[in-house]
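The structure appears right after this line, and notes come after that.
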Amino acid sequence: MLWSRYLAPHLILVVVACACNSNPAGPSAGSSKEAFFAALRQQGASVTPGQMLSRESTPYFEVPAQIVQVNTGTINVFEYGDAAAAGRDAAKVSPDGSSVGNTSILWIGPPHFYRNDRLIVVYAGHSLAVLQPLEAVLGPPFAH
């Protein structure tokens, strides 16, 4: 069983890495903004997609954001081409959400960063009408 001494730790790493990639309560793997919006609506949330921001408006992430009204608040939704790209940008966020990479951000409310597969969702505020459906769909924030 020489192989088990070398292979077993790698298998455990693969299982742990896969378990962290997405929230099983959220949209399915490979999800899109549309699947996310549908999941929020299933939670009873009002969802109104708005304009796309220019890439220059959010230079700390590799893709532009879409502004979305969810109940009483506004969120930013970043959709990536794949989960690995979303993971790279998510790794740039400080644990308290006060900075992304080298960019310090002064938020209008407490920041909440969520990730599910190809999506990063940011909400700056404290409204339970926004936080509850986000957490029901995406799970707890990875930074706040």
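Quick note: residue numbers are just sequence positions, from 1.
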Problem set entry | Contact check, side chains of Val137 and Gln43, non-hydrogen atoms, under 4.5 Å | yes

Exercise. Salt bridge (Lys or Arg N to Asp or Glu O under 4.0 Å): which pairs involve residues 101-111, sequence neighbours left out?
Worked result: none

Exercise. Between Asn116, Leu138, Asp117, which is the residue that forms a side chain to side chain contact (heavy atoms under 4.5 Å, CB included) with Phe36?
Worked result: Leu138

Exercise. If you take all heavy atoms of Val130 and Val70, which pair is closest and at what distance?
Worked result: CG2-O, 3.3 Å

Seminar exercise, completed: Across all chains, not counting sequence neighbours, the ring pair (Phe, Tyr, Trp, His ring centres under 6.0 Å) partners of Phe61 are Phe78

For this session: Would you mind listing every salt bridge (Lys or Arg N to Asp or Glu O under 4.0 Å) that reaches into residues 82-106, with sequence neighbours excluded?
Result: Glu62-Lys92, Asp89-Lys92

For this session: Work out which heavy atom in Pro133 is nearest to a heavy atom in Ala45; give both atom names and the distance.
Result: CB-CB, 4.0 Å

Exercise. How close do Ala83 and Arg115 get, heavy atom to heavy atom, and via which atoms?
Worked result: O-NH2, 2.8 Å

Problem set entry | Distance-minimising heavy-atom pair for Ile120 and Ala90 | CD1-N, 3.7 Å

For this session: Could you tell me how the ring of Tyr60 sits relative to the ring of Trp107: parallel (under 30°), tilted (30 to 60°) or perpendicular (over 60°)?
Result: perpendicular

Problem set entry | Close side-chain approach of Phe37 and Val77, heavy atoms under 4.5 Å | yes

Exercise. Can any side-chain N or O of Ser94 pair as donor or acceptor with the backbone N or O of Ser98 at less than 3.5 Å?
Worked result: yes

Problem set entry | Atom pair OG1/CG of Thr58 and Asn76 - distance to nearest 0.5 Å | 7.5 Å

For this session: Can you measure from CG (Asn71) to CD (Gln132) and round to the nearest 0.5 angstrom?
Result: 9.5 Å

Exercise. Any idea which heavy atoms bring Pro111 and Gly97 closest together, and the distance?
Worked result: CG-O, 3.8 Å

Seminar exercise, completed: Closest non-hydrogen contact found for Glu135 with Pro141 is OE2-CD, 3.6 Å

Exercise. Side chain of Gln69, backbone of Pro49: donor and acceptor closer than 3.5 Å?
Worked result: no

Problem set entry | Backbone of Phe113 reached by a side-chain donor or acceptor of His144 within 3.5 Å | no

For this session: Could you tell me whether a side-chain N or O of Glu79 sits under 3.5 Å from a main-chain N or O of Lys33, the two making a donor and an acceptor?
Result: yes

